[in-house]
Amino acid sequence: MAPLDLNNVQGDILEGLGKKNQCFFFFRLKAGQASHFRNHLRSFVPVITTTIQAKKFHETIKAAKKEAANQGKQCALIENSGVNIAFSKKGLVALGITDDIGDASFEQGMLKDAGDLGDDLADWDANFKKDIHGVFIIAANSLAVSEKTILSIKKTFRMGNKDASIEEVTRIMGHTRPGAEDGHEHFGFNDGLTQPAVQGVDAGVISEPTVKPVRQGVILLGREGDDGLVAGGSNDPQGVKRPPWALDGSLLAFRYLKQLVPEFDAFLEANSLPGKADLLGARLVGRWKSGAPVDLTPEHDNPEFAHRQDFRFDQKNQERCPFAAHVRKTNPRSDLPPGGTEIRRIIRRGITFGPEVTPEENKMKKSSPEAKLERGLLFACYQSNLRNGFHFMQQSWANNKNFPPTDKSDPKVDTPGIDPIIGVGPDGLRSMVGANPDLMASNETLNFAAKWVIPRGGEYFFVPSISVLKTTLAAPGRAGDGEL
């Protein structure tokens with residue numbers, strides 16, 4: 001197999017598209033227009049942002065900030081846009097590509113997978129219950145550039161004309177939060193601080209101490225490490241057969257997540273630990289709002305620790321960090337044997353959406369029912385196997401009240417509880433132990449029946465390599481024109 005060519009990998013996967021604004025533009029092929037779509041796609045492929053191009057933009061930003069700092073000035077905004085494209089299983093079938101990609105979650109789609117994830121479909125936006133064939137991911141450093149890029153895409157695919165090959169299903173706009181909250185999600189916590197480094201890929205990510213970079217096949221299909229499903233409690237992959245066109249692609253899990261911020265804040269206020277207003281929130285998340293891990297600074301926030309990754313959870317107790325804390329549930333580190341988390345790693349590329357909490361919402365301690373005031377996270381993550389990555393993380397870790405293992409705990413903890421941020425318990429029950437750092441209260445239950453993160457929809461997508469976009473998806477003369 002030829003070495004990995006980063007010019008052949010779409011830019012958001014390994015490097016990330018630089019952004020202050022981002023649009024997820026979901027589309028469907030128009031009936032009988034597969035051939036026209038392929039023609040339009042051939043024109044579109046040259047504008048897709050590769051990993052190398054995404055990296056060059058990040059280097060340009062870094063150099064500009066350094067130069068501005070040397071001159072004692074604020075760095076001016078550098079306009080840029082990045083574009084990627086991905087396809088659902090239904091989208092591939094509409095293009096005449098019916099091969100089984102070797103991933104059960106992708107094959108059935110997120111709507112059918114919702115029960116496993118713990119979603120209530122009554123909360124889903126109606127648009128995500130419709131057929132979605134693909135998504136354009138448009139990232140930019142200004143809303144104006146983002147809108148201009150969207151118009152260019154619509155023009156390429158002739159939208160609004162009789163020979164249009166696609167139609168819009170829905171679009172969701174995200175943006176970073178203002179001022180000092182830039183980089184923080186709406187509950188106020190610094191987000192996206194830990195990402196896996198990938199072997200042979202320089203994306204500016206430093207591995208956690210004692211943790212090796214993940215093999216390329218953990219993120220990219222067909223590469224070393226893409227060995228198939230690894231069941232919970234096992235280290236043995238079951239093997240997988242990938243179609244040749246899947247090489248150097250990745251599987252994207254997109255989630256439209258609404259956050260009930262006033263309700264979350266009200267819960268923390270009502271249940272706060274004596275004299276420590278911010279401690280409960282920090283212990284539920286596993287980090288202080290600055291991003292500092294509670295495992296390193298358990299009693300108070302220390303922003304200087306925000307980017308520290310040298311923490312390993314204590315399997316014996318939860319004095320420093322609860323077993324059920326969000327960051328511990330989703331990346332259990334030393335709670336599992338060495339190397340036990342590699343196959344579960346994902347690369348996250350989310351962005352916040354919606355306005356800041358209004359004074360009225362703060363006063364009432366309740367989120368407004370107005371759609372224009374909805375806020376949350378547009379969660380996106382990449383992996384080579386959804387059943388090893390996102391799906392496993394949600395179902396077997398976050399929603400599992402018995403994870404992580406506590407057989408070495410002292411005092412003995414039988415049931416850690418579910419992830420308080422994204423976990424969904426059986427019959428809607430939500431609780432955890434260990435919120436109080438007092439070891440004598442290790443098994444004291446904290447109930448949080450209400451959910452503060454509401455899944456509003458989502459889908460699974462395949463993100464093809466650049467060469468496959470040209471030679472397979474945009475190839476003339478394929479079947480599919482009469483199949484819609």
Side-chain angles (χ1 to χ4, degrees), residues 10 12-13 23-45 47-48 83-114 125 127-138 150 153-154 156-159 164-172 221 242-256 380-384 386 390 457-484:
Q10 293 199 53
D12 201 40
I13 301 170
C23 175
F24 291 88
F25 186 103
F26 301 94
F27 65 87
R28 178 172 49 244
L29 271 69
K30 296 190 72 174
Q33 296 300 312
S35 179
H36 281 151
F37 176 83
R38 286 192 288 270
N39 290 335
H40 298 158
L41 183 60
R42 283 195 291 276
S43 298
F44 175 71
V45 169
V47 305
I48 293 175
V83 181
N84 281 181
I85 188 171
F87 297 87
S88 68
K89 173 63 177 182
K90 291 181 178 178
L92 293 179
V93 170
L95 288 169
I97 301 171
T98 58
D99 303 328
D100 188 333
I101 207 169
D103 190 287
S105 288
F106 176 76
E107 293 294 321
Q108 70 180 13
M110 191 177 287
L111 182 62
K112 290 185 178 180
D113 209 26
D125 184 296
N127 287 311
F128 286 98
K129 297 179 181 180
K130 300 175 182 177
D131 285 350
I132 293 174
H133 290 165
V135 60
F136 296 108
I137 302 168
I138 301 127
I150 293 170
I153 291 172
K154 293 174 73 172
T156 298
F157 290 88
R158 302 289 294 162
M159 293 184 69
S165 60
I166 62 173
E167 54 193 6
E168 180 179 342
V169 177
T170 189
R171 75 176 83 171
I172 308 178
L221 281 74
R242 303 291 198 190
W245 52 261
L247 179 65
D248 291 342
S250 190
L251 292 171
L252 162 65
F254 172 83
R255 299 278 276 169
Y256 173 22
C381 71
Y382 297 96
Q383 59 264 285
S384 65
L386 292 161
F390 164 75
E459 185 54 287
Y460 299 128
F461 298 94
F462 173 66
V463 189
S465 68
I466 303 298
S467 60
V468 165
L469 281 166
K470 296 175 181 177
T471 62
T472 303
L473 277 83
R478 291 191 64 95
D481 294 307
E483 296 182 3
L484 294 180

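Just so we're clear, the structure is a prediction, and the values are computed from it rather than from any experiment. Side chains are part of it too, since the values below use all heavy atoms of this structure and drop only hydrogens, waters and symmetry mates.
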Item to check | K154: partners by salt bridge (Lys or Arg N to Asp or Glu O under 4.0 Å), with sequence neighbours left out | outcome: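 Partners of K154 by the salt bridge (Lys or Arg N to Asp or Glu O under 4.0 Å) criterion come out as none, since no residue qualifies.
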Side chains of [X] and [Y], heavy atoms from C-beta outward: is any pair under 4.5 Å?
| X | Y | answer |
| --- | --- | --- |
| E168 | M159 | yes |
| C23 | I172 | no |
| I85 | I137 | no |
| T472 | I97 | yes |
| L251 | V463 | no |

Checklist entry - What's the verdict on side-chain contact (heavy atoms from CB on, under 4.5 Å) for I132 and R28, showing C-alpha distance, side-chain angles and the deciding distance? => result CA-CA 5 Å; I132 293 174; R28 178 172 49 244; 5.9 Å; no
Next on the checklist: Suppose we screen for ring-ring contact (aromatic ring centres under 6.0 Å, His included). Which residues come up paired with F462, at least two apart in sequence or across chains?
Outcome noted: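 For F462 the ring-ring contact (aromatic ring centres under 6.0 Å, His included) partners, ignoring immediate neighbours, are W245.
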[X] and [Y]: aromatic ring centres closer than 6.0 Å?
| X | Y | value |
| --- | --- | --- |
| F254 | Y460 | no |
| Y256 | F26 | no |
| F44 | F136 | yes |

Checklist entry - Side chains of H40 and S165: do they bring a donor and an acceptor to under 3.5 Å? => result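 Result is yes, a qualifying pair exists.
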